[in-house]
Amino acid sequence: MRLATWNINSIRSRADRALAFLERSGTDVLALQETKCKDEQFPREVFEAAGYEVATSGYSQWNGVAIVSRVGIADVERGFVGQPAWGEEPVVEARALGATCGGVRVWSLYIPNGREIDNPHYAYKLEWLERLREQAASWLTPGPDGAGDPSAQIALVGDWNIAPLDEDVWDIEVFAGRTHVTPAERAAFAAFATAGYTEVTREHIPARTFTYWDYQQLRFPRNEGMRIDFTYASPTLAARVTGVTIDRNERKGKGASDHVPVILDLAD
DNA sequence: ATGACCAGCTTGGCTGGA
């Protein structure tokens, strides 16, 4: 099975690119982030006409996550238990969508950006990651009610908005005092390993291979990017990963997202 | 060359992105 994740930065602007990517890459399950539309605005017919099923979570023009699958979509969950809210009138944003596709519990995740370190959005980001990690740990932990399953196949995929290593940004000095590289964010990211998950893209992808390049200042042609799109896999799923590809070509040309797809190959 | 921000909404100047 082939499982991919992609922050598409507006599905309505790039539905054609997404479908072309699916067919070119032979991807079975595609987790999308920043779809930037409400559920009723999602161009699901583009995918359904090509034989895919679609699950969406979108409440406004911001955020938005979706899963597109040709191996089934079952038990769709919009948001996770305990997911923090944001805003003056607190709202649980469309940043997490779970569905079971081809036997894998896939979570399409768009972790909050954090904005600046002294912005309340940064505390929200850290809280969001902690609550997600607690839930993710529970999914692998058997309880008296049989809530968790240590052998579950779970993929936590998406735009984590964290660069875990200095080499995950083109110039660490540019990021001094900014979000995405702080010890607190990196600790929140690493805690998923303590919870029993393995980040499975690292070992397959060379250092300084990026997944995001800002639209401004020739960042892509200069290869001044960031690596912030990752996949944490449960033990049984991690054991199935045979390869990982970052589709750098998808950043080229007019109308590209600022992120590119990250593709996992899973043994049958 | 891979090229000099982009998306959405309030349609024109904001917000959010990282």
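Note that the coordinates shown come from a computational prediction; the quantities given were computed from them, not determined experimentally. Below, read A as the first sequence line, B as the second, and so on, with proteins coming before strands; counting in each chain starts at 1.
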Any Asn9(A) side-chain nitrogen or oxygen under 4.0 Å from OP1 or OP2 of dC5(B): no

N/O (side chain, Arg12(A)) to phosphate O (OP1/OP2, dA7(B)) under 4.0 Å: no

Using a heavy-atom cut-off of under 4.0 Å over every strand shown, decide if Gly114(A) touches base, sugar-phosphate, or nothing. nothing

By the definition ring pair (Phe, Tyr, Trp, His ring centres under 6.0 Å), identify the one residue from Trp213(A), Tyr212(A), Phe210(A) that meets it with Phe220(A). Trp213(A)

Using whole Å, report how far NE2 of His259(A) lies from P of dA18(B). 5 Å

State whether Ser13(A) places a side-chain N or O below 4.0 Å from either non-bridging phosphate oxygen (OP1 or OP2) of dG8(B). yes

Looking at dG12(B), which nucleotide sits across from it as a Watson-Crick or G-U wobble partner, both distances under 3.5 angstrom, or is there none? dC9(B)

How close or far is atom C1' of dG17(B) from atom NE2 of His121(A), stated in whole angstroms? 10 Å

I'd like the P distance from dA18(B) over to dC6(B), given in whole Å. 16 Å

Name the residue closer to the 5' end of DNA chain B, choosing between Asp214(A) and Ala256(A) according to the nucleotide with the nearest heavy atom. Ala256(A)

Could you give the distance separating dA7(B) and dG12(B) at their C1' atoms, to the nearest angstrom? 14 Å

With heavy atoms under 4.0 Å as the rule, sort Asp159(A) into base, sugar-phosphate or nothing. sugar-phosphate

Using a 4.0 Å heavy-atom cut-off, does Phe175(A) contact any base of the nucleic acid, only the sugar-phosphate backbone, or nothing at all? nothing

Please classify the nucleic acid contact of Asp258(A) as base, sugar-phosphate, or nothing, using heavy-atom distances under 4.0 Å. nothing

Please state how far atom CZ in Phe230(A) lies from atom C1' in dA18(B), giving the value in whole angstrom units. 14 Å

Between P on dG16(B) and CG on Asn113(A), what's the gap in Å once rounded to a whole number? 11 Å

Residues Arg70(A), Glu53(A): salt bridge by 4.0 Å N-O rule: no

Pick out which of Tyr52(A), Phe47(A), Trp6(A) makes a ring pair (Phe, Tyr, Trp, His ring centres under 6.0 Å) with Phe21(A). Trp6(A)

Take atom OH of Tyr124(A) and atom P of dG16(B), then tell me their distance rounded to the nearest Å. 13 Å

Can you tell me how far C1' in dA4(B) sits from the matching atom in dG8(B), rounded to whole Å? 23 Å

For Glu173(A), does the CD atom have more than 12 heavy-atom neighbours from other residues, nucleotides or ligands under 6.0 Å away? no

Taking the P atom of each, how far is dT10(B) from dT15(B), in whole Å? 15 Å

Look at all strands and tell whether Arg115(A) reaches a base, only sugar-phosphate, or nothing, counting heavy atoms closer than 4.0 Å. sugar-phosphate

Between Asn161(A) and Leu218(A), whichever has its closest DNA chain B nucleotide further toward 5' is Leu218(A)

How would you label the contact of Gln216(A) with the nucleic acid (heavy atoms, under 4.0 Å): base, sugar-phosphate, or nothing? base

